[in-house]
Amino acid sequence: MAFLRTFLGGMLFAVTLFVLTGTPAIADPIRIEHEQGTLELSAPAKRIATINWAFTETVIALGLDPVAVADPADYGVWVEEPALPDDFVDLGQRSSPNLEALRAAKPDLIIVIPDIGISYDKLSEIAPVLQLRMFDENRPAFETAREVFGKIAKATGREAEGQAYLAHVDAKLAEYGERTRTALGPDQQLNIIYFFDESTIGMFGDTSLPGSVMAAMNVPLAFDGEVNKWGFARGGLELIAPYAKQSVVYTNPVPDAILDKMFASPMWKFMDFTRNNRIYELPVVWMYGGVPSSLRFAKLLSESIENGPHQ
C-alpha cells in the first residue's frame, strides 16, 4: 500500500504539473537529421559555436548571439551583415578552429560543415555537433540554405521565429524580383561574376546561391555553362564572351588594382556589355552564405540595377 500511495502521488504530481503549465513534466528531446545521422538534444541550444559564416549569420538572424565564431575579421570583409555581436570567442580559422578557445566558450552546440580539418569525434568531446552541408552540386544552393536554416531554428528552439523569417524572405524576394525586372527591362539577362585576378573570372550558374536566389526572384540568369559544386565556373574572359550581349553584375570585395587592369584589357573593352554600358557593381555580399546572405543579395541586386550601370 505504501508503494501504491507513492506511485499514485507521483502520477498526481506529474498530471498536476501538466495541467498547470501546459507541458509534460519531461520535455521530448529535439531530434535533427544531419550529416552524421540523428542529433538528439535534451533542450534547445542557447550557447552556439559556429565554424562557418553561413551558420553564424543564420544564428544571428534567429535572434541569438553566437558565443564563438570562426574567422570573425574576414566575416566583416566578406559577409558584412548581419553584424557580429560585441562579445564572442574568436575561434581562429574556419578550416582549423582552436579547440582550446572552443572549449573555453562552453558551447552547448557546435555547428560545422563536413569539410573542416578537425574530426567530428574531436568536436563532439566538447559539445554536441550539428554537421550540415551547405553545397550539393545536384541541388540549388538556396534550397539547401532554407533547409539548413530550418534545422538550426529547430536546434535552438526558434522554429516559429524561423518560419516567420522565411515568410518575410519570400515576400521580399518577390518584391526585389519585380523591381529588378522593371529596372533591367524585358530583353536583358544578368551575368553574375567575380574577379579572381586581372585575367580570371568566376561566373555563377543556376545552382549557385546567387543563381538560385535569382530563380526565386524570377530574374533571368544568362550563364548556363558547367559549374563546380559551389555553382560557379572559373576561367578567362573567353568564359563570358558567349554571353556578352547580356548585362554584367560584378561582386565585391575586389582590389582596385585588379579592377583597373581588368577594365583596361582590350578583350574587356571589346565586350558588348562594355561598349553598351551594361555593367553593374554589387556591394559586399557573401555568395556562399545562407538565407540571410540570400536576402541581402536580392536587396542589393535590385538596388544596383535601379541605380544604373557602374560606368
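Owing to the predicted nature of the structure, the values given are computational and were not obtained by experimental measurement. Below, all heavy atoms of this structure are taken into account, side chains as well, without hydrogens, waters or symmetry copies.
- Residues meeting the ring pair (Phe, Tyr, Trp, His ring centres under 6.0 Å) test with Tyr250, sequence neighbours left out: Phe195, Phe263, His310.
- Applying the side chain to side chain contact (heavy atoms under 4.5 Å, CB included) test to Val77 and every residue at least two apart in sequence or in another chain returns Pro253.
- Salt bridge status for Lys261 with Asp197: absent, with no side-chain N to carboxylate O gap under 4.0 Å.
- Formation of a donor-acceptor pair under 3.5 Å by the Asp108 side chain with backbone atoms of Arg47 is found in this model.
- Contacts of Glu161 classified as side-chain hydrogen bond (donor to acceptor under 3.5 Å, both in side chains), with partners at least two apart in sequence or in another chain: none.
- Applying the ring pair (Phe, Tyr, Trp, His ring centres under 6.0 Å) test to Phe55 and every residue at least two apart in sequence or in another chain returns nothing.
- Taking the six-membered ring where the residue is Trp, Tyr75 and Trp53 present perpendicular rings, their angle passing 60° and hence far from 30°.
- Under a 3.5 Å cut-off, the side chain of Arg94 and the backbone N or O of Val69 do not form any donor-acceptor pair.
- In terms of the side chain to side chain contact (heavy atoms under 4.5 Å, CB included) criterion, residue partners of Pro114 (sequence neighbours excluded) are, by chain and number, Glu35, Gln131, Arg133.
- Scanning for ring pair (Phe, Tyr, Trp, His ring centres under 6.0 Å) contacts around Phe297 gives an empty result, with sequence neighbours left out.
- With hydrogens and angles ignored, the 3.5 Å screen pairs a side-chain donor or acceptor of Ser208 with a backbone N or O of Gly205.
- Between Arg296 and Glu57 there is no salt bridge, since none of the side-chain N atoms of the basic residue sits less than 4.0 Å from a carboxylate O of the acidic one.
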